[in-house]
Structures are given as structure tokens and as C-alpha cells.
Amino acid sequence: MTQKGLFDDLAARGLIHDSTDAATLSARLDAEPIGIYVGFDPTADSLHVGHLLGQLTLRRFQLAGHRPFPLAGGATGMVGDPSGKSEERNLLDRDTLQHNVEKIKNQLSRLLDFSAGATSATLVNNADWTAQITALDFLRDVGKYITVNQMMAKESVKNRLTSENGLSYTEFSYMLLQANDFRHLCATHNVELQMGGSDQWGNITAGIDLIRKSMSRSAFGATWPLVTRSDGQKFGKTAGGAVWLDAQRTSPYQFRQFWMQMPDDDAVRYVPQFSLQSLDELKSVIDEHNGAPERRIVQRLLATEITTMVHGADAARDAEAAADILFGADPTQASFEALNVVAAEVPTTVVGHDQFDDVFGLLASAGVVTSTSDARRTIAQKGIKVNGVVLEEGQTLAAHGVLHDKWVLVRKGKTTYHLFEIAR
RNA sequence: GGGUCGGUGCCCGAGUGGCCAAAGGGAGCAGACUGUAAAUCUGCCGGCACUGCCUACGUAGGUUCAAAUCCUGCCCGGCCCA
């Protein structure tokens with residue numbers, strides 16, 4: 001019924017950081033389908049690549065025959081998780097939170113199958129069972145079972161207690177809410193396993209304890225490691241900010257580029273963690289990649305697979321087609337249709353014929369450069385190419401022609417593209 | 001509340017009357033080399049109507065031909081005392 005060896009597979013991919021007794025959990029997973037949940041707090045109206053591991057983990061379990069429960073933290077988002085934070089969070093207001101939950105729900109659905117019979121995913125929102133609980137009930141039914149001593153032992157709590165920022169009672173209580181979520185899902189949906197990032201370990205074990213003490217049954221927990229980058233930067237951040245799953249915030253093209261432009265070391269490390277392909281298949285791909293790293297085989301695999309999962313096959317194909325044109329041959333040879341694809345993926349600004357003389361102003365207002373001064377500098381340093389040709393000082397944007405009577409393709413540096421479209 | 005030290009560009013940090021749009025480092029941008037990597041090297045790195053002008057060294061005033069630099073008030077932070 002369930003695929004054997006799931007736990008070992010996860011471990012081999014580098015996806016297990018902590019877990020409750022590995023042998024027991026592994027045997028349990030092999031024996032029969034179980035319910036697993038992963039929580040996502042609605043701190044923004046879109047998830048970002050940092051959340052992908054959680055979604056992919058649920059997907060892996062689903063593919064192996066288990067029942068995934070993505071959880072939107074409508075309630076926990078009200079409080080703020082102190083884990084991994086050095087100071088008290090600013091709380092979002094209810095309307096914003098509600099809005100975020102709605103947007104995120106949709107994204108949580110993307111990678112999972114909700115009509116897969118026994119292994120169907122179930123989207124839950126902890127506000128549904130938490131919002132109505134009275135303070136008294138909560139203290140009796142949850143607080144009673146968890147000691148302050150235990151909460152104080154949490155690393156994130158300790159850190160905050162010794163820092164100057166302090167820790168409010170609200171954030172301190174966060175772990176109780178999360179523990180209650182686990183118990184609720186265990187009681188109502190027979191969910192036995194919670195997973196999360198390594199910073200969630202304390203919250204997860206609190207839930208396991210609560211289940212043992214109040215329900216007299218056992219539950220499992222596991223975490224995946226923090227995704228790190230070889231250069232020490234935070235994963236999922238680029239110069240432009242976070243890489244979002246929302247196509248409005250990060251276009252499929254940009255999303256795909258995030259994976260394409262990944263350093264070799266990171267890409268090789270991430271592939272087993274992010275790809276759903278078997279380890280055997282991946283091993284041969286990695287070998288091939290190491291033999292010819294300039295072909296970016298691993299980056300390409302990640303870019304294609306993840307973009308397809310998040311944005312769909314059509315969007316992934318278009319993004320790839322656009323990138324092939326931009327990073328491939330001479331743009332002046334590109335067909336009208338090809339450029340149309342590019343136009344859909346690359347930021348585009350509509351301009352009038354008469355505006356082409358104001359090169360600095362155009363580049364600045366389109367956001368290609370940060371100011372007209374920056375535009376001057378970049379051009380002086382030969383950093384701007386128009387239709388593939390270096391733009392010299394004093395030339396207008398139309399100096400190298402207009403493609404198909406419609407577009408001027410501007411490239412800044414190696415990877416930034418912008419399209420100027422002539423107003424009709 | 002008293003004392004004391006400090007608040008400088010995206011970040012760290014030097015500068016204690018003119019030579020200061022402000023050393024140095026980091027980040028960032030561009031160029032070379034490359035593979036839409038990494039490392040390395042070079043240049044840039046407040047804005048604009050760009051051989052000049054404007055705005056900037058917590059904030060508001062003052063002294064001076066001239067202030068990030070001196071004086072006064074205020075705000076904020078560290079430390080010590082109460």
C-alpha cells in the first residue's frame with residue numbers, strides 16, 4: 001500500500017535533520033499510510049521558495065501513499081512564532097491575515113493532489129478550531145499539560161530571554177498553539193506525524209508531548225535542515241528580494257532564472273532535496289553535470305521541474321523559451337512570435353517614438369537602472385546593450401533599430417533584460 | 001534623575017574648523033576572464049539640467065569668510081551612579 005523505504009530515502013536526500021526514533025518511524029511509514037502535517041504561517045500574501053521544502057515533503061509523502069495535511073496558520077499567524085527571530089514580531093491585523101490565508105491556500109494546493117482517493121490532501125486552517133476556544137479552556141486543556149520549564153528549555157526562548165529584546169507572553173505561548181494543532185489533527189484526522197524546518201523542532205515535540213499526556217497515544221515528528229547557501233547568504237533571497245511563488249510577485253521567468261543561475265555547489269546539493277526524481281536517476285544526472293558543469297545540467301533540471309510544479313507546464317515552457325532567446329542567439333534574428341514570448345516574461349515598458357532620445361530618463365523610469373546618474377555610469381562602462389549591441393554614449397535607444405517595428409531589447413550587464421515596446 | 005560616552009553614506013567604520021560627497025572594509029553595479037557558475041583582476045558606487053550645481057554626517061538653532069568637525073537646546077542609544 002505504501003512505498004517502502006520512504007524515511008531512508010528522505011534521509012539520503014538530506015531532508016532529515018531531527019526525528020523521533022528513526023527506526024520506529026521508518027517502520028511505521030512502511031507498514032501503513034499515515035497522516036502528516038506541515039504548517040505554513042501567513043506572514044505574507046504569498047509563500048516563497050523557502051516554503052517549498054515543506055510542500056515538497058508533503059508531496060513526497062503523498063506519492064508514497066500517505067495522507068498530507070497542509071496547514072494554513074490562520075490562528076498561529078495571529079501570535080507570531082519566536083523561533084528564528086531575534087526580536088518580537090509585529091503582529092498583522094486580522095484583515096491582512098485573512099487575506100494572506102486566502103492567497104496562500106491556493107498556493108498550498110498547487111503541488112498536491114486533492115482528489116487522489118485515500119491519499120487525497122486536506123487543506124486545514126488552524127483558525128477553524130482555535131478561534132473559538134476560550135482562554136480558560138485553553139489554559140485547562142493545553143496549558144495544563146505543558147510545563148513552563150519545558151518551554152524555557154527551548155533554544156529560541158532561551159536566546160530571547162538573554163537578549164535585550166525580550167519575549168512577550170504572546171510569543172512565548174506560540175508553542176502551545178502549535179502543540180494544540182497537532183493534537184487536534186491527531187484527534188480528528190488521525191494525523192500522526194508533523195514535520196517542519198529545523199527551527200520547529202521544539203514546537204513539534206511539544207505537540208507530541210501534549211498528545212501523549214492528554215490522549216495517551218504516541219505521535220512522530222521530524223524536521224528538515226535549514227537550506228543554506230554556499231556563500232552564507234539566506235536561501236531564496238536575491239538582489240530583488242525574496243523569490244515568491246506568486247506569479248504576480250515573481251514572474252515564472254524570474255522564478256526559473258533563480259534556479260538556472262544557481263552556483264554549482266548549491267545546485268548539486270539542492271537537487272536531491274528539491275527534485276522528486278529518484279535518487280538513482282539524480283545520481284547519474286549529477287555525474288553528468290560534474291563532467292561538464294558549464295552545461296548547467298543540474299540547474300536546468302531544477303529550473304524545469306520546480307517551475308513546472310509551481311507555475312505549470314505551459315508557463316515553464318514559455319519561461320524556458322524566453323530564456324533561450326535571451327541567452328542564446330542574436331536577438332535581431334528572433335522571430336516575432338519568439339519575441340512575443342519574451343515580452344510576456346520580461347518586464348516591458350511601453351514608450352512613444354519621440355521618447356527614445358531621453359535614454360537616461362527611459363532607463364531610470366523603467367527601473368533598469370536606479371537613477372539617471374546610474375544610467376550614465378552604466379552606459380559609460382559599456383554595461384547596456386541594445387538589441388545585442390553595446391550602447392555607446394550619446395546614442396539613442398533606437399540606435400540599433402527596432403525589432404519587428406515594435407520592440408527594443410535592452411540588456412544591462414549579463415542577466416537583466418528589459419523590453420521597450422513602441423506605443424501604437 | 002545625576003554622570004559619562006556615543007549617534008557619519010545600504011551596513012560596519014575613520015574623520016575633531018577649510019585640502020570632505022567624506023579614508024578603509026563589506027554589500028551592490030559594470031567591465032575583463034568564463035559557463036546565464038565560483039574565484040580573481042579593473043572601474044564605479046548621493047542626486048541632477050554632470051568640467052557645474054543641489055542635498056547630505058541624529059535634530060533645531062548659533063559662532064565663523066568657512067562646520068561632519070566649535071557652542072546651545074532637544075531626541076535617541078550604551079555604560080556607571082541613584
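First the proteins, then the strands, lettered A, B, ... as listed; each starts at 1. Model, not experiment: these values are computed from the prediction.
Not counting sequence neighbours, the partners of A:Thr96 by the side chain to side chain donor-acceptor pair (under 3.5 Å) test are A:Asp93.
Comparing the same atom, P, in B:G47 and in B:U55 gives a spacing of 16 Å after rounding to whole Å. When the P atom is used for both B:G35 and B:G26, the distance is 27 Å, rounded to whole Å. Taking atom C1' in both B:C44 and B:C10, one finds a spacing of 16 Å when rounded to whole Å. Comparing the C1' positions of B:C74 and B:A27 gives an interatomic distance of 34 Å, to the nearest angstrom. With C1' as the reference atom, B:G17 and B:C57 are 15 Å apart, rounded to whole Å. Taking atom C1' on both B:A67 and B:G25, the two are 27 Å apart, rounded to the nearest angstrom. B:U4 sits 40 Å from B:C54 when the P atoms are compared, rounded to a whole Å. Using C1' as the reference atom, B:C50 and B:G28 are 22 Å apart when rounded to the nearest Å.
Of the nucleotides present, none pairs with B:G17 by Watson-Crick or G-U wobble criteria with both distances under 3.5 Å. Partner assigned to B:A23 is none, using Watson-Crick or G-U wobble distances below 3.5 angstrom. The nucleotide B:U36 finds no pairing partner, because no Watson-Crick or G-U wobble arrangement with both distances shorter than 3.5 Å includes it. Under the Watson-Crick and G-U wobble criteria, each requiring two contacts below 3.5 Å, nucleotide B:U69 is left unpaired. Partner assigned to B:U64 is none, using Watson-Crick or G-U wobble distances below 3.5 angstrom. Under the Watson-Crick or G-U wobble criterion, with both distances below 3.5 Å, B:G6 is paired with B:C76. Using the Watson-Crick or G-U wobble rule with both distances under 3.5 Å, B:G43 pairs with B:C29.
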Base versus backbone protein contacts along nucleotides 30-43 of chain B [heavy-atom cut-off under 4.0 Å; B, S, -]: SS-BBBBB-----B
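Look at A:Asp265 and A:Arg269 and you find no salt bridge, because none of the NZ, NE, NH1 or NH2 atoms lies under 4.0 Å from a carboxylate O. Between A:Arg296 and A:Asp264 there is no salt bridge, since no side-chain N of the basic residue sits under 4.0 Å from a carboxylate O of the acidic one. Salt-bridge check for A:Arg317 with A:Glu320: failed, with every basic side-chain N at 4.0 Å or more from each acidic carboxylate O.
When every heavy atom of A:Leu302 is checked against every heavy atom of A:Ala267, the shortest pair comes out as CD1-O, 3.9 Å. In plain terms, the two heavy atoms of A:Trp244 and A:Ser46 that are nearest each other are CZ3-O, 3.1 Å.
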Polar-atom pairs under 3.5 Å, protein N or O versus N or O of nucleotides 54-57 of chain B: list them with distances, or write none.
none

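Counting only residues at least two apart or on different chains, the ring pair (Phe, Tyr, Trp, His ring centres under 6.0 Å) pairs with a member in residues 284-321 of chain A are A:Phe255-A:His311. Sorted by first and then second residue, the pairs that involve residues 345-358 of chain A and meet side chain to side chain donor-acceptor pair (under 3.5 Å), not counting sequence neighbours, are A:Thr349-A:His418. For the salt bridge (charged side-chain N to carboxylate O under 4.0 Å, His left out) condition, the pairs that include at least one residue of residues 391-406 of chain A, sequence neighbours left out, are A:Lys382-A:Glu392.
Put simply, A:Ser371 has a side-chain N or O that comes within less than 4.0 Å of OP1 or OP2 on B:C48.
The main-chain N or O of A:Ser251 is found under 3.5 Å from a side-chain atom of A:Gln254 such that the two form a donor-acceptor pair.
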